[in-house]
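Here is the structure we will look at.
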Number of protein chains: 2
Amino acid sequence: MFSNTVKYAIKASLYLAVNSSEDNKLVIKDIAAPINVPQAYIGKILQSLSRKNLISSTRGPKGGFYLKEQQYQTKIMDIVEAVDGEERINSCLLSLDKCNSENPCSLHHLVYTEKNAINLKLKQTTLEDLKNHIMQGKSVLPL
Amino acid sequence: MFSNTVKYAIKASLYLAVNSSEDNKLVIKDIAAPINVPQAYIGKILQSLSRKNLISSTRGPKGGFYLKEQQYQTKIMDIVEAVDGEERINSCLLSLDKCNSENPCSLHHLVYTEKNAINLKLKQTTLEDLKNHIMQGKSVLPL
DNA sequence: CATATTTAAGATAAAAATATCTTTTTTATA
DNA sequence: TATAAAAAAGATATTTTTATCTTAAATATG
């Protein structure tokens with residue numbers, strides 16, 4: 001469903017949501033280690049999220065990655081689309097070019113209700129929501 | 001969600017369900033063209049499905065691929081697991097090693113109901129079911 | 001039984017995804 | 001203002017997935 005890269009991106013963003021702040025920025029290696037993702041690779045991914053303003057970064061001493069207030073409102077789907085592109089998540093199960101309710105592929109009816117439900121949640125759920133969920137002990141930060 | 005390979009496998013199996021029979025076997029190129037999949041590649045995939053008894057084949061003149069009666073009862077999930085393996089379809093959204101209701105990853109609660117619903121349908125739906133659906137004009141054979 | 005047809009199997013190639021390495025730029029602070 | 005710390009950018013490498021090519025084995029039929 002998600003590429004490895006997007007999984008890393010979500011883990012890292014969530015890790016920032018829980019552990020960083022404007023005056024407690026995190027350097028790459030302190031993000032990579034706890035979420036168990038190769039350092040150089042997550043660096044690239046964070047760079048690209050930062051360029052798209054989904055997270056923030058500053059260079060130099062005391063620099064690092066962090067979230068600004070407004071970025072806690074980033075939706076999970078924003079991250080997915082920024083990394084994997086819109087096509088991937090919206091493509092039909094069999095990758096039919098034009099699969100929709102009028103011209104449904106053979107698996108369309110098996111999944112479309114659930115797929116829409118999941119997509120809606122990904123569009124509504126923010127990093128803050130997930131952070132709160134974690135703080136309440138209802139889920140664990142992924143390793 | 002599915003690898004390209006499994007998409008091809010499902011398309012080809014469905015094509016066989018709709019168009020072949022024990023005395024109307026289809027040769028590789030007559031399967032590859034209509035479902036729009038590279039001939040040599042779908043050949044390999046069909047070989048492997050045949051080894052696992054999900055479809056049938058015979059060599060030589062008048063040979064080809066086809067389904068036996070019982071093979072119309074193949075579940076879509078059987079094909080998925082035969083090609084992609086059980087792990088891939090059952091892995092959690094973030095690929096946490098041990099993600100379950102007791103130790104849920106941060107996205108677990110967003111998707112588990114829907115994911116279970118989809119998985120159940122994939123386990124219950126047979127090639128015959130999908131063939132009937134197509135014959136009734138309710139969905140189209142994927143290209 | 002020879003031949004043509006067809007899948008099976010094995011080897012190789014190409015493309016995409018994942019990962020790393022090196023150099024450059026920015027910036028805080030001593 | 002020199003230095004060290006840190007991300008940014010660019011280049012390269014590795015691995016996995018997807019795809020092709022070649023040879024071998026099986027089988028129907030003249």
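Remember, it's a predicted structure, so these values are computed and weren't measured experimentally.
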Atom-to-atom span, [atom1] of [X] to [atom2] of [N] - whole angstrom:
{"X": "B:N53", "N": "C:dA8", "atom1": "CG", "atom2": "P", "value": "12 Å"}
{"X": "B:Q47", "N": "D:dT20", "atom1": "CD", "atom2": "P", "value": "15 Å"}
{"X": "B:L49", "N": "C:dA9", "atom1": "CG", "atom2": "P", "value": "13 Å"}
{"X": "B:F2", "N": "D:dT17", "atom1": "CZ", "atom2": "C1'", "value": "17 Å"}
{"X": "A:R88", "N": "C:dA16", "atom1": "CZ", "atom2": "P", "value": "14 Å"}
{"X": "B:I45", "N": "C:dA9", "atom1": "CD1", "atom2": "P", "value": "15 Å"}
{"X": "B:L46", "N": "C:dT7", "atom1": "CG", "atom2": "P", "value": "9 Å"}
{"X": "A:K62", "N": "D:dA6", "atom1": "NZ", "atom2": "P", "value": "9 Å"}

Does a donor on one side chain and an acceptor on the other come within less than 3.5 Å for [X] and [Y]?
{"X": "B:Q70", "Y": "B:K68", "value": "no"}
{"X": "B:Y41", "Y": "B:T5", "value": "yes"}
{"X": "B:K75", "Y": "B:T126", "value": "no"}

| message | So if I define the base as every atom that isn't primed, P, OP1 or OP2, how would nucleotides 19-24 of chain C read as a B/S/- string at a heavy-atom cutoff under 4.0 Å? | response | BB----
| remark: Interatomic distance, OG@A:S13 vs CG@A:L127, rounded to 0.5 Å, equals 6.0 Å
| Does B:Y15 belong to the same Ile/Leu/Val/Met/Phe/Trp/Tyr cluster as B:I134, with side-chain heavy atoms less than 4.5 Å apart forming each link? | yes
| query | Same cluster or not: are B:I118 and B:L93 linked, directly or through other Ile, Leu, Val, Met, Phe, Trp or Tyr residues, by side-chain heavy atoms under 4.5 angstrom apart? | reply |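 No, it is not one cluster - the side chains of B:I118 and B:L93 are not joined through contacts under 4.5 Å.
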| field | Options D:dT18, D:dA8, C:dT27, nucleotide nearest the side-chain atoms of A:P61 | value | C:dT27
| request: Identify which nucleotide among D:dT18, C:dT18, D:dA28 has an atom closest to any side-chain atom of B:S3, counting heavy atoms from C-beta outward. | output: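 Nearest to the side chain of B:S3 among the choices is D:dT18.
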| query | NA contact type, B:G64, heavy-atom cut-off 4.0 Å: base, sugar-phosphate, or nothing? | reply |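 If one applies the 4.0 Å heavy-atom cut-off, B:G64 turns out to touch the sugar-phosphate alone, with no base involved.
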| message | With the threshold set at under 4.0 Å for non-hydrogen atoms, list the residues of residues 12-29 of chain A touching DNA chain D in residue-number order. | response |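 Within residues 12-29 of chain A, the residues near DNA chain D are A:L26, A:V27, A:I28.
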| request: Could you pull out all residues at least two apart from A:D84 that satisfy salt bridge (charged side-chain N to carboxylate O under 4.0 Å, His left out)? | output: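 A:D84 satisfies salt bridge (charged side-chain N to carboxylate O under 4.0 Å, His left out) with A:R88 once adjacent residues are dropped.
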| query | With respect to the phosphate group of D:dA9, does any side-chain polar atom (N or O) of A:R51 fall under 4.0 Å of OP1 or OP2? | reply |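 Yes.
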| query | For B:S57 and C:dA8, is the shortest distance between a side-chain N/O and OP1 or OP2 below 4.0 Å? | reply |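 Affirmative; the distance criterion is met.
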| request: Could you check A:T5 against A:G60 and say which one's nearest nucleotide on DNA chain C is further toward the 5' end? | output: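 Final value for this comparison: A:T5.
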| field | The single option from B:L130, B:L14, B:I35 passing side-chain contact (heavy atoms from CB on, under 4.5 Å) against B:L141 | value |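 Only match with B:L141 under side-chain contact (heavy atoms from CB on, under 4.5 Å): B:L14.
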| Heavy-atom check, side chain of B:T58 versus side chain of B:K25, under 4.5 Å | yes
